[in-house]
J.: 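First, the structure itself, so that you have it in front of you.
The analysis underlying the following values was restricted to heavy atoms, covering all of them including side chains, and did not include hydrogens, waters or symmetry mates. We're numbering straight along the sequence, starting at 1.
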Amino acid sequence: MSLGLRIREAVNRLQPLGFLYSAYETQVLAQLDRSALPRHVAVLADGNRRWARANAPDGPLVVGYQAGADKLREFVDWCADLGIGVVTLWVLSTENLTRSGPDEVGPLLQVIERLVADLAHTYNVQVVGDVSLLPPGMAAHLSDAQAASGVHEGIHVNVAIAYGGRHELRDAVRSLLASEAEKGTTLDELAGTLEIDHIAEHLYTAGQPDPDLIIRTSGEQRMSGFLIWQSAHSEYYFCEALWPDFRKVDFIRALRSYAQRERRYGR
């Protein structure tokens with residue numbers, strides 16, 4: 001049985017009441033305050049492997065990875081339809097690269113590469129992460145897709161691949177030190193003049209608004225180092241659904257929850 005057929009069968013088993021969800025989705029969407037939507041939404045799409053084990057127990061884990069990638073594409077489309085300007089998708093952490101072996105990591109990398117290429121046909125895509133950890137061929141394909149996507153206007157999609165928050169801060173500091181060294185700045189001078197904004201200018205997401213809303217699925221309630229710097233004032237929304245099961249109505253609920261909060265930015 002083909003991978004696509006496995007995924008469709010698994011999804012169909014979970015959606016016998018799709019028409020009821022659609023009606024409820026329309027109702028919840030009508031209640032959403034469109035003037036209070038986030039500018040930047042980030043998502044930790046967690047639960048793909050658990051979804052595969054539960055819904056395709058005789059199939060490979062890549063069934064879950066592909067279902068998750070399909071949902072990520074849907075998610076970006078939902079954001080675009082609502083006018084959300086920036087979306088960040090965390091699809092591969094630095095720790096994920098150490099999973100059991102090439103039989104698991106290899107198929108996952110292939111799914112991610114196809115996802116980026118697909119998104120790049122429609123959206124302005126930026127790969128964020130330590131791409132030096134990826135196979136050279138994959139890194140080159142991702143770079144090509146990112147460059148080709150620059151013609152698109154509208155929503156900006158960050159795809160976090162081989163991403164770790166501590167890696168990002170390390171890379172930002174390295175970049176900052178190298179930049180200042182080129183100017184002839186000494187370490188003593190830098191230590192006396194360094195400001196917060198100077199570090200922010202060297203993050204993977206430099207120049208972008210910080211995420212207003214961060215969503216994590218699968219019932220996990222931790223950030224795992226995701227956007228450590230950028231999330232200082234983010235609002236969080238945790239959802240029990242495994243990522244491939246995440247529905248548009250779940251997203252709208254997250255947005256509704258966000259719109260009802262009073263953001264104080266620590267004041």
J.: One thing to verify: whether Arg247 and Asp250 come together as a salt bridge, which I'm taking to mean a side-chain N less than 4.0 angstrom from a carboxylate O.
T.: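 Salt bridge: yes.
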J.: Is there a donor-acceptor pair under 3.5 Å between the side chain of Asp130 and the backbone N or O of Ala162?
T.: no
J.: If only atom types and distance count, is the side chain of Asp70 paired as donor or acceptor with the main-chain N or O of Ala67 below 3.5 Å?
T.: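 Judged by distance alone, no pair lies under 3.5 Å.
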J.: How about His40 and Thr88: does a side-chain donor come under 3.5 Å of a side-chain acceptor?
T.: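 Short answer, yes.
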J.: If you measure only the distance, is there a donor-acceptor pair under 3.5 Å linking the side chains of Gln230 and Glu168?
T.: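 Side chains of Gln230 and Glu168: pair found under 3.5 Å.
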J.: Ignoring hydrogens, what is the shortest heavy-atom contact between Ala206 and Ala200? Give both atom names and the distance.
T.: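 Looks like CB-O, 3.7 Å.
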J.: Using the side-chain contact (heavy atoms from CB on, under 4.5 Å) rule, pick out the option among Leu89, Leu82, Ile215 that qualifies with Val41.
T.: Ile215
J.: Report the residue from Ile155, Asp77, Val125, Leu72 that forms a side-chain contact (heavy atoms from CB on, under 4.5 Å) with Leu119.
T.: Val125
J.: Report yes or no: do Asp33 and Tyr258 form a side-chain donor-acceptor pair below 3.5 Å?
T.: no
J.: Distance-only, no hydrogens or angles: does the Tyr65 side chain make a donor-acceptor pair with backbone N or O of Leu109 under 3.5 Å?
T.: no
J.: Quickly, which of Thr186, Thr185, Thr193 forms a side chain to side chain donor-acceptor pair (under 3.5 Å) with Glu180? Name it, please.
T.: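 For Glu180, the side chain to side chain donor-acceptor pair (under 3.5 Å) test succeeds with only one of Thr186, Thr185, Thr193, which is Thr185.
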J.: Check whether any side-chain N or O of Thr217 sits under 3.5 Å from a backbone N or O of Asp46 as a donor-acceptor pair, and report yes or no.
T.: yes
J.: Kindly give the heavy-atom pair with the smallest separation between Trp51 and Gly64, and that separation in Å.
T.: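 Between these two residues, the closest heavy atoms are CE3-CA, 3.9 Å.
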J.: Under 3.5 Å, side chain of His152 to main-chain N/O of Ala120, donor-acceptor pair present?
T.: yes
J.: side-chain contact (heavy atoms from CB on, under 4.5 Å) for Trp90 and Leu227? Distances and angles first, verdict last.
T.: CA-CA 10 Å; Trp90 194 8; Leu227 301 175; over 6 Å; no
J.: If only atom types and distance count, is the side chain of Ser149 paired as donor or acceptor with the main-chain N or O of Gln146 below 3.5 Å?
T.: yes
J.: Once the angle between the rings of Trp78 and Phe246 is folded into 0 to 90°, is it parallel (under 30°), tilted (30 to 60°) or perpendicular (over 60°)?
T.: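 Ring orientation of Trp78 relative to Phe246: tilted.
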J.: Taking it one step at a time, do Phe226 and Arg216 satisfy side-chain contact (heavy atoms from CB on, under 4.5 Å)?
T.: CA-CA 10 Å; Phe226 186 42; Arg216 182 165 191 166; over 6 Å; no
J.: What's the separation between atom CD in Gln221 and atom SG in Cys239, rounded to the nearest 0.5 Å?
T.: 11.0 Å
J.: Any luck finding a side-chain donor-acceptor pair between Arg253 and Ser257 under 3.5 Å?
T.: no
J.: Does His198 reach the main-chain N or O of Glu195 with its side chain, forming a donor-acceptor pair under 3.5 Å?
T.: yes
J.: Start with the C-alpha distance between Arg166 and Thr94, add both sets of side-chain angles, then the distance that settles side-chain contact (heavy atoms from CB on, under 4.5 Å), and finish with yes or no.
T.: CA-CA 10 Å; Arg166 291 176 176 175; Thr94 51; over 6 Å; no
J.: Heavy atoms only: give me the nearest Ala52-Leu61 pair and the separation to one decimal.
T.: CB-O, 4.0 Å
J.: Salt bridge check, Asp118 against Arg114: does any charged N sit closer than 4.0 Å to a carboxylate O?
T.: no
J.: Tell me the closest heavy-atom pair linking Arg222 and Glu220, and the distance in Å.
T.: NH1-OE1, 2.6 Å
J.: Look up atom OH in Tyr204 and atom CG in Leu169, then write down how far apart they are to the nearest 0.5 Å.
T.: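 So the OH of Tyr204 and the CG of Leu169 are separated by 9.0 Å.
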J.: For a quick test of reading the model, state the closest non-hydrogen atom pair linking Ala254 to Tyr237 and the distance between them.
T.: CB-CD2, 3.5 Å
J.: Can a side-chain donor-acceptor contact be found between Thr122 and Arg73 if the only test is distance below 3.5 angstrom?
T.: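 Thr122 and Arg73 do have a side-chain donor-acceptor pair below 3.5 Å.
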J.: Mind running side-chain contact (heavy atoms from CB on, under 4.5 Å) on Phe251 and Phe75 for me, showing each step along the way?
T.: CA-CA 8 Å; Phe251 181 44; Phe75 182 80; 3.6 Å; yes
